[in-house]
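Okay, structure first, notes after.
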Amino acid sequence: MKGLLLAGGHGTRLRPLTFRGNKHMLPIANRPLLFYGLDHLKEAGVREVAIILGPIKEGIEDQIGDGADFGLHVTYITQGEPKGLAHAVLCAREFLGEEDFLMYLGDNLLEHGAAPYLERFAQGDASAVVGAVPVKEPRHYGVVEMAPDGNILSIEEKPASPKSNLALIGVYLFTPEIHRIIAELKPSKRGELEITDAIWALHKATGRVRAIRLEGWWKDTGQPTDLIEANERVLASRPKSFFAVQGEIDPQANVSGHIALGAGSVIAAGATIRGPVVLGRKVRVESGAYIGPYTSIGDGSVIRRAEIDHSILMENVTVDIPGRIVDSIIGRGSQISERTHHPKGHSFILGDSTQVVL
Ligand code: G1P
């Protein structure tokens, strides 16, 4: 089985975080989002993976290379302008050949990865396996309507009036039959070759598309709040081995719960950390500062006086204020400090499309 990991897409809803880089490289528990997809493909027994790149590809090839660090053989295919998920499959036609493949949208995170798909596929009666979970706002997703016996009644992409509350997860298992369908596919109203249209056409042609309802959590990281939630879910479910302490914790620091601390980091006397948290390398948490659960802090960051909870701080962030920061994402190299001179007030230097909630 081959793997297709999609990392195109502009990530416009994640601006300003995506002005500079690819959204799939944003950190969740201090690891790029895309790494989790690679882990899941590996766990599913895939060895050959093609990563589909869009126009913003910064950092992906540099950090993943030939995939050896992940136990995979990774190649790259440029989709150029994203023209739909089925178009990505078309771009990978030669790489995929006549093998079955797992397609994984790089902005999706699943608690149990692709294992349930493989189990269903092993029953031997499927031309494709798709996964679904109930959601509150199905109109933002592909929507599957299922009969009580599990038979698929309809599949639609972002319908205005959804026929069920079951969202299609961005992980799909296909046999090569899908290529014949995609070759005939017409662009949708929004001008894209939709994978949902291809799946529905395949089901009509073969009656062999199988939908499974997934247990465990699933996150499509389309918006900033999704990243914060994904960070929480991932920190809550990382294995104990992830929470290794390589840096230094002063005996007078108050540390409880699981914490991962990178080499060269220091938690000073009088600092308080309540896990699960991950702190990268060369991080300094100074006396009086507090880091609360579900927080990730990138390499080289310094936290002085502040309390930080349920947040993602990227690399080289300095926070030095006597206040509390919650539910936040702070980009690389940012500084939050206290203004001590007149005129008093908040002072900002913010990039485009920034959000400030005081
Ligand atoms: C894509 C698919 C959609 C699916 C979703 C899952 O949408 O088109 O069917 O439900 O991924 O993440 P996108 O998030 O790219 O708009």
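Remember, it's 1-based here, ligands and their atoms both numbered in the order they're listed.
Crowding of H73 atom NE2: a count of heavy atoms from other residues, nucleotides or ligands under 6.0 Å not exceeding 12.
Under a 4.0 Å criterion applied to the non-hydrogen atoms of L105, ligand 1 contributes the atoms 1 (C), 11 (O). Annotation for ligand 1: atoms under 4.0 Å from non-hydrogen atoms of W218 are 6 (C), 12 (O). Near G170, the atoms of ligand 1 lying under 4.0 angstrom from a non-hydrogen atom of the residue are 6 (C). Which parts of ligand 1 touch Y141 is read off a 4.0 Å heavy-atom cut-off, strictly below it: atoms 10 (O).
Ion pairing between a basic and an acidic side chain is recognised when a charged N comes within 4.0 Å of a carboxylate O; D125 and R208 show no such pairing. R233 and E111 are not joined by a salt bridge, as no carboxylate oxygen comes within less than 4.0 angstrom of a charged side-chain nitrogen.
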- For the pair R324 and E307, evaluate salt bridge (charged side-chain N to carboxylate O under 4.0 Å, His left out) and give the outcome as yes or no after the intermediate values. CA-CA 4 Å; R324 190 175 178 93; E307 301 183 14; 2.4 Å; yes

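Among protein heavy atoms, the minimum distance from atom 12 (O) of ligand 1 is reached at D220 OD2, 2.8 Å.
When heavy-atom distances to ligand 1 are checked against a 4.0 Å cut-off, L85 comes that close only through its side chain, counted from C-beta outward. Looking at K158 against ligand 1, only its side chain comes within 4.0 Å, counting heavy atoms.
When each of Q79, E192, E194 is tested with H87 by the rule side-chain hydrogen bond (donor to acceptor under 3.5 Å, both in side chains), just one qualifies, namely Q79.
Of the polar atoms of L168, at least one N or O is found under 3.5 Å from an N or O of ligand 1, judged by distance alone. Polar contact check, N108 against ligand 1: a nitrogen or oxygen pair lies under 3.5 Å apart. The N/O atoms of G142, backbone and side chain alike, include one that comes under 3.5 Å of an N/O atom in ligand 1. The distance criterion of under 3.5 Å between nitrogen or oxygen atoms is met by E157 with respect to ligand 1.
The aromatic ring centres of F101 and H179 sit less than 6.0 Å apart.
Within 4.0 Å of atom 8 (O) of ligand 1, at least one protein heavy atom is present.
Residues satisfying the side-chain hydrogen bond (donor to acceptor under 3.5 Å, both in side chains) test with E215, not counting sequence neighbours, are none. Partners of A160 according to the side chain to side chain contact (heavy atoms under 4.5 Å, CB included) rule, which considers only residues two or more places apart in sequence or in another chain, do not exist here.
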